[in-house]
Amino acid sequence: MGSSKEKFMHLAIDLATENIKNGGGPFGAVIVKDGEVIATGCNRVTASNDPTAHAEVSAIRAACKDLDTFNLEGCEIYSSCEPCPMCLGAIYWAHIDKIYYAANKHDAADAGFDDSFIYKELELTPEERRLKAEVLLEKEALRVFESWKAKEDKVEY
């Protein structure tokens, strides 16, 4: 029958397959803790008009809600495809212990989901990037960080 890891990956791939039939993108993700499925997610970008509704982000949101925490230490994520830069960032911020993925970013690019331009953009200075950025009111914003640093009852993440 295969290992639990394979069982969870099959679930992620099955979610991706079903999601296509339901008007979503070809991506699925499963979050597991202590051998139990905590949450699942599918890519619903076009179905929900939400560019952040990737499978991994959706699964992270569901897991955090279910576990009532923003910290998913002790969890693993199974994704039908190597996470994009946004999802990888979300996985790091969620403190997930390990990622398993099936297809890779090159396979995704071949299917029309090429995120290599984002990786290239991140290597550039803000001035060199295609997306133009302008700094405004930095001193005012720094006061917010000073308030945060001085807050004694803050919850670090």
Non-neighbouring partners of K154 that pass salt bridge (charged side-chain N to carboxylate O under 4.0 Å, His left out), sequence neighbours left out: none

Interatomic distance, K65 atom NZ to I60 atom CD1 [nearest 0.5 angstrom]: 16.0 Å

Contact list for residues 126-150, test salt bridge (Lys or Arg N to Asp or Glu O under 4.0 Å), sequence neighbours left out: E146-K149

pair K151-D153: side-chain heavy atoms closer than 4.5 Å: yes

L72 with I38, same ILVMFWY side-chain cluster at under 4.5 Å: yes

Closest approach of A47 to G23 (non-hydrogen atoms, all atoms of both residues): CB-O, 3.8 Å

Any pair counted as side chain to side chain donor-acceptor pair (under 3.5 Å), so long as it reaches residues 35-48, sequence neighbours left out: N19-R44

Intermediate values then yes/no, side chain to side chain donor-acceptor pair (under 3.5 Å), T69 and N71: CA-CA 5 Å; T69 183; N71 187 326; 5.7 Å; no

Which atom pairs, one a donor and one an acceptor, fall under 3.5 Å between side chains of residues 52-59 and the rest of the protein, sequence neighbours left out?
unit_1, atom_1, unit_2, atom_2, d
T52, OG1, D50, OD1, 2.6
T52, OG1, D50, OD2, 3.3
T52, OG1, R61, NH2, 3.2
H54, NE2, P51, O, 3.4
E56, OE2, S79, OG, 2.6
S58, OG, H54, O, 3.0

Joint hydrophobic cluster, L122 plus F117, side-chain heavy atoms closer than 4.5 Å: yes

Within-4.5 Å side-chain heavy-atom neighbours: Y78 and L11: no

Side chain to side chain, C75 and L67, heavy atoms closer than 4.5 Å: yes

F8 reachable from I13 in the ILVMFWY side-chain graph, under 4.5 Å edges: yes

Identify every side-chain donor-acceptor pair in residues 83-103 under 3.5 Å, counting partners at least two apart or on other chains, and give the distances.
unit_1, atom_1, unit_2, atom_2, d
H95, NE2, W93, O, 3.4
D97, OD1, G74, N, 3.2
D97, OD2, G74, N, 3.0

Validation row: F113, P26 side chains within 4.5 angstrom (heavy atoms): yes

Hydrophobic cluster identity match, Y157 and V155, side-chain contacts under 4.5 Å: yes

Gap between atom CE of M9 and atom OG of S4 - 0.5 Å precision: 13.0 Å

Where at least one partner belongs to residues 8-20, residue pairs that pass salt bridge (Lys or Arg N to Asp or Glu O under 4.0 Å), sequence neighbours excluded: E18-K21

Stepwise side chain to side chain contact (heavy atoms under 4.5 Å, CB included) check, N22 with C42: CA-CA 10 Å; N22 294 321; C42 295; over 6 Å; no

